[in-house]
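Report on the structure given below.
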There are 2 protein chains.
Amino acid sequence: MSESRPRIVPEATVARLAVYLRVLAGLADGGRSHVSSGELASAAGVNPAGLRKDLSYLGPCGVRGVGYSISGLRDRLTEVLGGERSRPCVLVGIGRLGSALADYTGFASRGFQFAGLLDSDPRQVGTEVGGLVVRPVEELEAVVAETHAAIGVITTPAEVAQSVCDRLVAAGVRSILNFAPVALTVPAGVDVRKVDLSVELQVLAFLDQQRDGSPPVVAALRATGGAR
Amino acid sequence: MSESRPRIVPEATVARLAVYLRVLAGLADGGRSHVSSGELASAAGVNPAGLRKDLSYLGPCGVRGVGYSISGLRDRLTEVLGGERSRPCVLVGIGRLGSALADYTGFASRGFQFAGLLDSDPRQVGTEVGGLVVRPVEELEAVVAETHAAIGVITTPAEVAQSVCDRLVAAGVRSILNFAPVALTVPAGVDVRKVDLSVELQVLAFLDQQRDGSPPVVAALRATGGAR
DNA sequence: ACCTGTGAACACGTTCACAGCG
DNA sequence: CGCTGTGAACGTGTTCACAGGT
């Protein structure tokens, strides 16, 4: 009903919109009412023209000759990113990383809410993390049903990640964020995003090594490289 | 001296090489001696042709009609990725996320070693995490000098990330992995990679919402999208 | 017959330069 | 005159199809 233009938004742009939203939140305290694309871009670490192109996917939302209304843009981004209704997520695997995520206040403040925490270790079950009590992994299906969670986060060891994933999908979860270092197989219609922390470090080490070892030979790093 | 061909390797490829290496490590136990690009690709979650192209950057390292020698390829990848000499890293900010990283055995087994842990909270200082004693952030420069660390990992709150970054750079660190949700400014010659956990979740939520809300309108997701 | 290695085609994302509006 | 919005150019990364060995 409030949808003005049904344009398609590239995924790379969506990721940056989330960054712009965070920068705007910090800027709102400054008492200013408007920002230019140049200011926002430098705060977000991107190219000004790219930022304007990103925002253009949402339809015109700035004022020519002036800039973008901080509060107006913040509201528009929040609307587009779906931050209105808070989305229930379930998190499976409450080790160090899982605890860190469950406890991260940045999620809650941005419309996310962990509605269920699950672990297979009896010593973890029953403990409280980030305001929630950890439940046994056997109750996975029940928790998904209770909370109507559409998003699942997997922070288990690699060996059990696929079976946890299968159970999440069977229970109705259609979006999964996977921190386990394995490629998950899912049926069509389910979306998986993978975050691999050790790969990030290894890429960094490679670039570092390459700079030292062979000065003339430098890897091509434009699109995703450097400070993004 | 062992460098056979000084080709340039795209960054996207480097990231996948690290994944192949991990898959190979798991495969080595199986008693087999060779794998085909198809098998490796499906285990790594990528396209077979893309995998072959990735490996071709290292020069020919397979046998036509047969496949790739598991141990041979593993050694080659290890060599290229620089896993020979273990690289000392310093980690600043020992909160939940920092502890998770310091404790993650996946790093140590792949040629990484956290040589120094630093935190500004007096209650954290002196505690032991992942076999190392946490030291006060004031000693950052000294720790970098002692350990000859070339890689720094930042898991501090956003507010102090830039100043920590500045001090790391001044101390000689030239590669930084940033988990704090801010864009860091660094001088030329320093490489920063950013991992933003809340952005990952937000992208997932957007895609999820878009699927429900407007079936005909789907975001363009080819390159980075879907299960990678 | 099989599987690797690779040039060529394609799609995506980024950057540039300027038109358009306030 | 300033800043947004955007088509067009560019570069990178991915996919395809087949040539080249074993």
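Reckoned from all heavy atoms, side chains included, excluding hydrogens, waters and symmetry mates. Please read all numbers here as calculations on a predicted model, not as lab measurements.
Picking from C:dT4, D:dA8, C:dG7 the nucleotide with the shortest atom distance to the side chain of A:Lys53 gives D:dA8. For A:Pro60, whose side chain is taken as the heavy atoms from C-beta onward, the closest listed nucleotide among C:dT14, D:dT14, D:dG5 is D:dG5. Side-chain proximity of B:Ser56 to the nucleotides C:dT6, C:dC3, D:dG5 is greatest for C:dT6.
The CD-P distance, from A:Glu39 to D:dG2, rounds to 15 Å in whole Å. Straight-line distance from the CD atom of B:Glu11 to the P atom of D:dT12: 12 Å, rounded to whole Å. In this entry the distance linking CG of A:Leu55 with P of D:dT4 reads 9 Å, nearest Å. Regarding B:Leu51, its CG atom lies at a distance of 17 Å from the P atom of D:dG13, rounded to whole Å. For the pair A:Asp54 CG and D:dT4 C1', the interatomic distance rounds to 14 Å; values are reported in whole Å.
Between A:Arg16 and the phosphate of C:dT14, there is a side-chain N or O to OP1/OP2 separation shorter than 4.0 Å. Close to D:dC16, at under 4.0 Å from its OP1 or OP2, lies a side-chain N or O of B:Asn47. Under 4.0 angstrom from either OP1 or OP2 of C:dC3 there lies no side-chain N or O belonging to B:Ser37.
Within residues 66-73 of chain A, the residues having any heavy atom closer than 4.0 Å to DNA chain D are, in order of number, A:Val66, A:Gly67, A:Tyr68.
Under the rule for a ring pair (Phe, Tyr, Trp, His ring centres under 6.0 Å), A:Phe112 has no partner lying at least two apart in sequence or in another chain. Scanning for ring pair (Phe, Tyr, Trp, His ring centres under 6.0 Å) contacts around B:Phe179 gives an empty result, with sequence neighbours left out. With sequence neighbours excluded, no residue forms a ring pair (Phe, Tyr, Trp, His ring centres under 6.0 Å) with A:Tyr20.
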For a quick test of your reading: what N or O donor-acceptor pairs under 3.5 Å do the side chains of residues 21-31 of chain B make, sequence neighbours left out?
| residue | atom | partner | partner atom | Å |
| --- | --- | --- | --- | --- |
| B:Arg22 | NH1 | A:Ser198 | OG | 3.3 |
| B:Arg22 | NH2 | A:Asp196 | OD1 | 3.3 |
| B:Arg22 | NH2 | A:Asp196 | OD2 | 2.1 |

Which pairs would a plain distance check flag for residues 168-177 of chain A, meaning a side-chain donor or acceptor within less than 3.5 Å of a matching protein atom at least two apart in sequence or in another chain?
| residue | atom | partner | partner atom | Å |
| --- | --- | --- | --- | --- |
| A:Arg174 | NH2 | B:Asp212 | OD1 | 2.6 |
| A:Ser175 | OG | B:Asp208 | OD1 | 2.9 |
| A:Ser175 | OG | B:Arg211 | NH2 | 3.1 |

Solution key, residues 65-74 of chain B side-chain donor-acceptor pairs under 3.5 Å, sequence neighbours excluded:
| residue | atom | partner | partner atom | Å |
| --- | --- | --- | --- | --- |
| B:Ser69 | OG | B:Gly72 | N | 3.0 |

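The side-chain hydrogen bond (donor to acceptor under 3.5 Å, both in side chains) contacts involving residues 40-53 of chain B comprise B:Ser37-B:Arg52, where partners must be two or more places apart or lie in separate chains.
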Within the sub-3.5 Å range, which N or O atoms of nucleotides 17-20 of chain C have a protein N or O partner, and how far apart are they?
| residue | atom | partner | partner atom | Å |
| --- | --- | --- | --- | --- |
| C:dG20 | N3 | A:Arg64 | NH1 | 3.1 |

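Going from atom CD of B:Gln113 over to atom OG of B:Ser86 covers 4.5 Å, rounded to the nearest 0.5 Å.
Nearest-nucleotide assignment on DNA chain C puts the 5′-proximal partner with A:Thr13, out of A:Thr13 and A:Val63.
Proximity of a side-chain donor or acceptor of B:Glu39 to a complementary backbone N or O of B:His34 within less than 3.5 Å is not detected.
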